[in-house]
Amino acid sequence: MKKRQLSHFLLPGAGAVLLLALLITTAALPHSAAQTPSAPPAPASPAAAPVRSEAVPEAAETDPASPLLLRYVQGIDGFFLPEKTCTRAEFAQILHNLGLSAPGSGAFADVPAAAWYAPAVAGISGILEGYDDHTFRPAQAITLAELTVIHCRVLGVETDAAAEGEAWYAPAWRAAAALGWHDALEGAEPETPAQRWMVVSITNRALGRTPDEAAIDALEGLRFLDLAPGDRAYYDIIEAASTHDAAWSAKTRELPAVTPGLHQAGSELAFVQPDGALCTTPGLLNLNGETYLVQSNGRIAADGAIHLVDGAPVYCQADGTLLKNGGWHDFYFDAQGRYTSGDAKLDESVEAILAAVTTPEMTDLEKLRACYDHVRAYGYLGRNATISDKTMPRDKAIGYANKIYDTGKGDCYNFAAAFYFLAKRLGYDATAVVGRCAYSWGTVSHGWVEIPMDGAVYLFDPQIENYNIRRGISNAGHSAFRVTYETATGTYFKN
């Protein structure tokens, strides 16, 4: 499945009109000139008062007593992405779509003429100034302070004078707070990057659009895949994304809707069933020859990571599909996307051990410990030929593991391989490492296992604990289960 591009966020219009494109009617904004504050010292602050463009669309003909309120936001492929930040380019397009025009004195070095936002930036470059290096930084997030100052100027809100030493945005911030524009911001600071839900909350309040909660509650069907009643800014988002009159009458209503099928916005992925309901049944979903993993929240895993399905590892790629007939790190996946060692006999032995030593009630770490203790209890016998590789070759690891599973005896390579395959089957991104280990036995060639966990790399060495048991050394004080190289009881040197 192909990833959707940014253009899917855009509303129709000149060039490309963005997700948060404002389609406010002429009646929504006063014609009085905005008061022009003194020039702020910080970059990206608004400049001169805007001049209204003649390109603003006329309001639809409706009952004057019940004017039509036009939607001014939409999502991407069914997702609203409320916590995604709004960039400076996006907000420039918002102002452009408002029909505001205040050209600046020159072009910006980082705004290509062919960029979708170039006309918007050029048209309102006097409202959003650039930086001292003549850049606009279109991909940089716009702040709540910048949003607030611009709204105050566009709507002609009177502000007091800034006190000495105050931030350039302080007067507008105070005025907006007094008008209730920031009531939904949960105490966010002025320099906070503006997320999409924040933009909607401020804009609705600035324009006097109060959501009719009863009318919105009466709507049927999905509106956005990542938005549900009770979510933060739910009513504000639905209000901003809908065209309606005061009565929300069906003849004037245009609502956001989600169609059946697969939907993706970045890492967000979901499937809408033919009946219009979001698929929330956890498990594997087969669509058009591809397999996806649906999670309990209705999201399809699309994170480039290992997940467990019925206790077995699968790898969910960035596009949401399961990896099949391929490998990732030391994992290999079959034609159904299920993990396999590549050796049927070994897989059978691993399944038998897991069934014998683990229970469904155990945590993942408890299962790992149970497998470690099982391997630690094997007998020690002889030595295999020394391996010069940095990690254990797969074919040798399979042979080492099969031998100790069958005979119950082996050396450090067998112990490491046996634990390695059990850890892989539990979904851990384990690596069978080869090198040398200095311990009470001297410094010898050795094999052990590494597993990354919680941002750190841990060492697992069941054979050294097997040695401790045979020599009467307490494993409580000389543990080799989930220890770091710094805290390990032996000194390890990788090949």
With heavy-atom distances below 4.5 Å as the criterion, would you say the side chains of V294 and T281 are in contact? no

Close side-chain approach of M198 and T192, heavy atoms under 4.5 Å: yes

Please list every donor-acceptor pair under 3.5 Å in which a side-chain atom of residues 410-419 meets a protein atom from a residue at least two apart or in another chain.
unit_1	atom_1	unit_2	atom_2	d
D411	OD1	N384	ND2	2.7
D411	OD1	Y413	N	3.0
D411	OD1	N414	N	3.3
D411	OD2	N384	N	2.6
D411	OD2	N384	ND2	3.1
Y413	OH	I387	N	3.1
N414	OD1	N384	ND2	2.8
N414	OD1	D411	N	2.9
N414	ND2	Y400	O	3.0

CG of N468 to OH of Y439, rounded to nearest 0.5 Å, is 3.5 Å

On the ring face of F481, is R369 found with NZ or CZ under 6.0 Å from the centre and within 45° of the axis? yes

If we ignore hydrogens and angles and just use 3.5 Å, is the side chain of H478 paired with the main-chain N or O of S474 as donor and acceptor? yes

Non-hydrogen side-chain atoms of I300 and Q295 separated by less than 4.5 Å: no

Separation of T431 OG1 from K494 NZ (nearest 0.5 Å): 8.5 Å

Do the non-hydrogen side-chain atoms of L144 and P190 ever get within less than 4.5 Å of each other? no

For Q273, look at atom CD and say whether over 12 heavy atoms of other residues, nucleotides or ligands are found less than 6.0 Å away. yes

Just wondering, do K367 and T359 contact through their side chains at under 4.5 Å, heavy atoms? no

Determine, for F331 and K424, whether the Lys NZ or Arg CZ falls below 6.0 Å from the six-membered ring centre while staying within 45 degrees of the axis. yes

Polar contact flag, side-chain donor to acceptor under 3.5 angstrom, D319-T321: yes

Could you tell me if Q463 and Y378 have a donor-acceptor pair between their side chains, going purely by distance under 3.5 Å? no

Side chains of L284 and L322: closer than 4.5 Å at any heavy-atom pair? yes

Quick one: does any side-chain atom of R425 pair with a main-chain N or O of G311 as donor and acceptor, under 3.5 Å? yes

Describe, in one word, how the ring planes of W448 and H446 are oriented to each other, choosing from parallel (under 30°), tilted (30 to 60°) and perpendicular (over 60°). parallel

Is R196 salt-bridged to E83, cutoff N-O under 4.0 Å? no

Mind checking salt bridge (charged side-chain N to carboxylate O under 4.0 Å, His left out) for K390 and listing every partner two or more places apart, or none if nothing turns up? none

Side chain E239, main chain D236, donor-acceptor under 3.5 Å: no

Counting only heavy atoms not in E254 (residues, nucleotides, ligands), do more than 12 fall under 6.0 Å from its CD? no

Quick check: does any side chain N or O of T203 sit under 3.5 Å from a backbone N or O of V200, one acting as donor and the other as acceptor? no

Under 3.5 Å, side chain of N402 to main-chain N/O of G399, donor-acceptor pair present? no

Given 3.5 Å as the limit, does a donor-acceptor pair link the side chain of Q264 with the main chain of G266, or not? yes

Do D226 and L81 come close enough that some side-chain heavy atom pair is under 4.5 Å? yes

If you draw a 6.0 Å radius around CG in N288, do more than 12 non-hydrogen atoms from other residues or ligands fall strictly inside? no

S479 and N475 side chains, donor-acceptor separation under 3.5 Å: no

R209 side, atom CZ; S242 side, atom OG - distance, nearest 0.5 Å: 8.0 Å

Test item: side-chain donor near acceptor, S201 and H182, under 3.5 Å: no

Backbone N/O of T291 and side chain of N286: donor-acceptor pair under 3.5 Å: no

Any donor-acceptor pair under 3.5 Å linking the side chain of D389 with the backbone of T391? no

Check whether more than 12 heavy atoms from other residues, nucleotides or ligands sit under 6.0 Å from atom CD of E186, and answer yes or no. yes

Distance only, no hydrogens: is a donor on one side chain within 3.5 Å (strictly under) of an acceptor on the other, for Y485 and E450? yes

N-O pairing of E465 and R470 below 4.0 Å: no

When rounded to the nearest 0.5 angstrom, what distance separates CD1 in I464 from CD1 in I469? 12.0 Å

Any donor-acceptor pair under 3.5 Å linking the side-chain atoms of D334 with those of T340? no

I'd like to know if the side chain of R482 and the backbone of L459 have a donor-acceptor N/O pair within less than 3.5 Å. no

Keeping to residues at least two apart or across chains, list the salt bridge (charged side-chain N to carboxylate O under 4.0 Å, His left out) pairs with something in residues 413-423. none

I'd like to know if the side chain of D212 pairs up with that of Y235 as donor and acceptor (distance under 3.5 Å, no hydrogens or angles considered). no

Quick check: do R383 and S445 have side-chain heavy atoms less than 4.5 Å from each other? yes

Main chain of Y458, side chain of T484: is a donor-acceptor contact present, judged purely on distance under 3.5 Å? no

Out of curiosity, L308 CG to D364 CG, how far, rounded to the nearest 0.5 Å? 6.0 Å

